[in-house]
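Because the structure is predicted, anything quoted here is derived from the model rather than measured. Counting convention: from 1, in listed order, for ligands and their atoms alike.
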Amino acid sequence: MDKFVIRGGNPLLGTVRISGAKNAALPAMAAAILTEEPVILENIPQVRDIETERRLLAAMGAEVELGYGRAHHRTTICCQKLTRAEAGYDLVKTMRASTLVLGPLVARCGVARVSMPGGCAIGARPIDLHIKGLQRLGAEITQEHGYIEARAERLKGNHIAFDKITVTGTEDLLMAAVLAEGETVMENCAREPEVADLAALLIKMGANIEGAGTSTIRVRGVERLHGARHRIIPDRIEAATFIIAGALTGGDLLVSSCAPQHQATLLRKLEEVGVKFHVNGESIRVMGDGPFKAVDMSTEEYPGFATDVQAQYMALATQAEGASVITENIFENRFMHALELVRMGADIKIEGRRAVVRGKTPLSGAAVLASDLRASASLVLAALVADGETIIDRVYHIDRGYEHIEEKLRGVGAQIRRIGEMLPKRAGA
Ligand code: EPU
């Protein structure tokens, strides 16, 4: 298993370019199931989850061509023939977002068999709302041997009111509704930019959708969809991670190609903390000359403060003067990074869904363990300002969602290297 070795103390200086959004690319790839024609996706990040989705689609009979050379961020997916409407346990267990194929598969093939994802490090994360929504669209659902099977000759439009806001649930049902007969009105939908980006692709494919990006989405089902070409939006979570890194290290960092309109809540919060920044077109220049002030933060669905940036904000809070109360409202167990930050010298107390971070405490390099994608990012940020060397184990979590993070960080002055596990040589080998 790879590890990162990071020596702290360098300010981040220069320009870092933000990649395409993993969480927009994953539903976009699943949307290709809805048509027999090729779907060309640009700005696809080269991260592990995208490779998992490629394997998932290929196992169904899809042709997935990854671009190479200068076109290495382009992917062409052609689902002309789907031989197996199934997402197996082997892949679903490594990536929960595999459940995004449920809606499009049942819409296109009339049947879908998808392994149930189990719990994960950050919470139970059930998919009951995806299932309830599909039932509202007329799918018959059975569940056995760890698999969900959905069947419907043709889905029928209906009214769906989500009990709770769910991002992939909204996306899954949106993809189901576009080929359903008649009109579907979905209420209490997720308003994340990734939902709007998926709708933009589906509209290019011939779907009839209104209101994506708001809490009510109206879909008029069509008989068939066609191929399209679409550019994935920038990754707002990667951008937020670099913005915080620039501030935390006392750097002067230009975060380019980052869709600043998706960062309004983060930037408002950072302004209160005392971080200086300028927005210019598609870039944000962040200057972290401190001092930072403790400011409370609660995660919420978009446009609120993203749960995917909570861990990185906590790393910043360790370097702010005073007590910051951080409340996690989306997932019930998303403070695993806090215990590792404490091992590096942070003063953090967890009480249920609240963490109280008292700063400013010096951080010192230590051996720490990454527990999930965003927790890993928070440990990288802490390591960049820690005294001495930090070794982060299990960085495969970070490889799931950050494209070439160590190269990007090295490019702006961080001391970071990746080391692989040294296996003892076999006798005679
Ligand atoms: N929920 C239910 N039932 C459902 C679906 C969700 O109770 O059927 C609950 C969840 O347990 C959670 C809340 O609703 O408490 C919100 O979960 P949501 O469904 O919105 O999360 P998700 O769609 O599984 C996406 C992102 C996550 C991100 C969350 C919240 C993708 C592929 N994943 O997950 O991203 O944290 O929305 O914004 O889009 C990450 O990138 O590191 C990541 C975890």
Side-chain angles (χ1 to χ4, degrees), residues 19-31 45 47-50 52-53 56 92 94-103 114 116-136 141 148 160-175 186 188-198 215 232-233 235-241 262 265-266 298-312 328-334 336-337 353 370-378 396-403 405:
S19 301
K22 165 190 80 96
N23 289 349
L26 292 173
M29 289 174 77
V47 295
R48 178 80 54 84
D49 276 7
I50 296 297
T52 305
E53 180 130 352
L56 188 70
V92 177
T94 65
M95 188 181 72
R96 305 178 53 83
S98 308
T99 49
L100 277 168
V101 300
L102 188 59
V114 174
M116 289 277 288
C120 91
I122 61 176
R125 305 182 73 181
I127 56 161
D128 56 314
L129 301 176
H130 301 232
I131 296 173
K132 252 169 113 174
L134 282 176
Q135 281 171 328
R136 296 278 305 159
I141 308 278
I148 297 171
I160 298 172
F162 290 102
D163 299 335
K164 194 171 179 180
I165 298 176
T166 159
V167 178
T168 50
T170 302
E171 292 163 348
D172 205 6
L173 290 164
L174 178 60
M175 289 188 277
M186 303 201 289
N188 202 24
C189 293
R191 292 180 284 164
E192 267 67 2
E194 293 75 17
V195 174
D197 197 44
L198 171 66
S215 51
I232 300 294
I233 53 169
D235 193 314
R236 65 193 166 95
I237 309 300
E238 187 200 17
T241 304
H262 297 155
T265 305
L266 173 71
S298 299
T299 63
E300 279 164 30
E301 294 88 359
Y302 192 87
F305 196 104
T307 171
D308 288 344
V309 187
Q310 177 257 105
Q312 301 88 315
E328 172 55 57
N329 290 313
I330 308 296
F331 293 111
E332 62 272 23
N333 190 31
R334 210 173 196 183
M336 307 275 273
H337 46 281
R353 284 182 177 253
S371 54
D372 71 78
L373 174 55
R374 310 303 171 186
S376 326
S378 143
Y396 59 83
H397 287 295
I398 215 162
D399 293 333
R400 291 186 54 181
Y402 286 89
E403 185 172 49
I405 189 167

- request: Please state whether I165 comes within less than 4.0 angstrom of ligand 1, counting heavy atoms only.
  value: yes

message: For R334, is there an ion pair with D308 - N to carboxylate O distance below 4.0 angstrom?
response: yes

message: Are L100 and M175 packed together at the side-chain level, in the sense that at least one heavy-atom pair is separated by less than 4.5 angstrom?
response: yes

task: Quick one: look up the protein heavy atom nearest atom 32 (C) of ligand 1 and list residue, atom name and how far away it is.
output: N23 OD1, 3.3 Å

field: contact_flag Q310 ligand 1 heavy-atom lt 4.0 Å
entry: no

query: Do side-chain atoms of S378 reach the backbone of A311 as a donor and acceptor pair under 3.5 angstrom?
result: yes

message: Test salt bridge (Lys or Arg N to Asp or Glu O under 4.0 Å) on E238 and K22; report intermediate values, then the result.
response: CA-CA 9 Å; E238 187 200 17; K22 165 190 80 96; over 6 Å; no

- request: State the atoms of ligand 1, each with its element, that fall below the 4.0 Å cut-off from a heavy-atom position in H130.
  value: 8 (O)

message: Under 4.0 Å from a heavy atom of T168: which atoms of ligand 1 are those, numbered in the order shown and with their elements?
response: 22 (P), 23 (O), 24 (O), 31 (C), 32 (C), 39 (O)

- request: Could you list which atoms of ligand 1 come closer than 4.0 Å to a heavy atom of T307?
  value: 30 (C), 36 (O), 38 (O)

- request: Determine whether the side chains of R374 and Y402 contain a donor N or O and an acceptor N or O closer than 3.5 Å.
  value: yes

task: Kindly confirm or rule out an N or O of E192 lying under 3.5 angstrom from an N or O of ligand 1.
output: no

- prompt: Counting heavy atoms only, which of Y402, F331, F162 is nearest atom 10 (C) of ligand 1?
  reply: F331

task: Give the atoms of ligand 1, by number and element, whose distance to some non-hydrogen atom of I127 is under 4.0 Å.
output: 4 (C), 8 (O)

task: Could you check if a side-chain atom of L198 sits within less than 4.5 angstrom of a side-chain atom of V195, using non-hydrogen atoms only?
output: no

- prompt: For ligand 1, is there an atom lying under 4.0 Å from some heavy atom of K22?
  reply: yes

- prompt: Hey, is ligand 1 close enough to E171 that some N/O pair sits below 3.5 Å?
  reply: no

message: Suppose we measure from atom 19 (O) of ligand 1 to each protein heavy atom; which comes out shortest, and what is that distance?
response: T166 OG1, 2.7 Å

- prompt: Can you check whether I330 has an N/O within less than 3.5 Å of an N/O in ligand 1?
  reply: yes

query: Just by distance, with hydrogens left out, do T299 and E328 show a side-chain donor and acceptor under 3.5 Å apart?
result: yes

Least distance between heavy atoms, P45 atom then A21 atom: CG-C, 4.3 Å

message: Below 3.5 Å, N or O to N or O, backbone or side chain included: is there any such pair between A97 and ligand 1?
response: no

message: Any non-hydrogen side-chain atom of L373 less than 4.5 Å from a side-chain atom of D49?
response: no

query: With backbone taken as N, CA, C and O and side chain as the heavy atoms from C-beta onward, which portion of D308 lies under 4.0 Å from ligand 1: side chain, backbone, both, or neither?
result: side chain

- prompt: Which protein heavy atom lies closest to atom 9 (C) of ligand 1, and at what distance to 0.1 Å?
  reply: K164 NZ, 3.9 Å

- prompt: Numbering the atoms of ligand 1 from 1, which are under 4.0 Å from a heavy atom of R334?
  reply: 36 (O), 42 (O), 44 (C)

message: Is there a polar contact between ligand 1 and L129, counting only N or O atoms under 3.5 Å apart?
response: yes

query: Of the backbone atoms (N, CA, C, O) and the side-chain heavy atoms from C-beta on, which set of R125 has a member under 4.0 Å from an atom of ligand 1: side chain, backbone, both, or neither?
result: both

- request: Could you tell me whether the side chains of D172 and H130 share a donor-acceptor contact shorter than 3.5 Å?
  value: yes

message: For ligand 1, which is the ligand I care about here, please tell me if E332 has any N or O atom under 3.5 Å from one of the ligand's N or O atoms.
response: no

- request: Could you tell me whether ligand 1 has any atom less than 4.0 Å away from a heavy atom of P126?
  value: yes

- prompt: Would you say the side chain of F331 lies within less than 4.5 Å of the side chain of R125, judging by non-hydrogen atoms?
  reply: yes

message: I'd like to know if the side chain of E403 reaches the main chain of S19, judged simply by a donor and an acceptor atom lying under 3.5 Å from each other, with no hydrogens or angles considered.
response: no

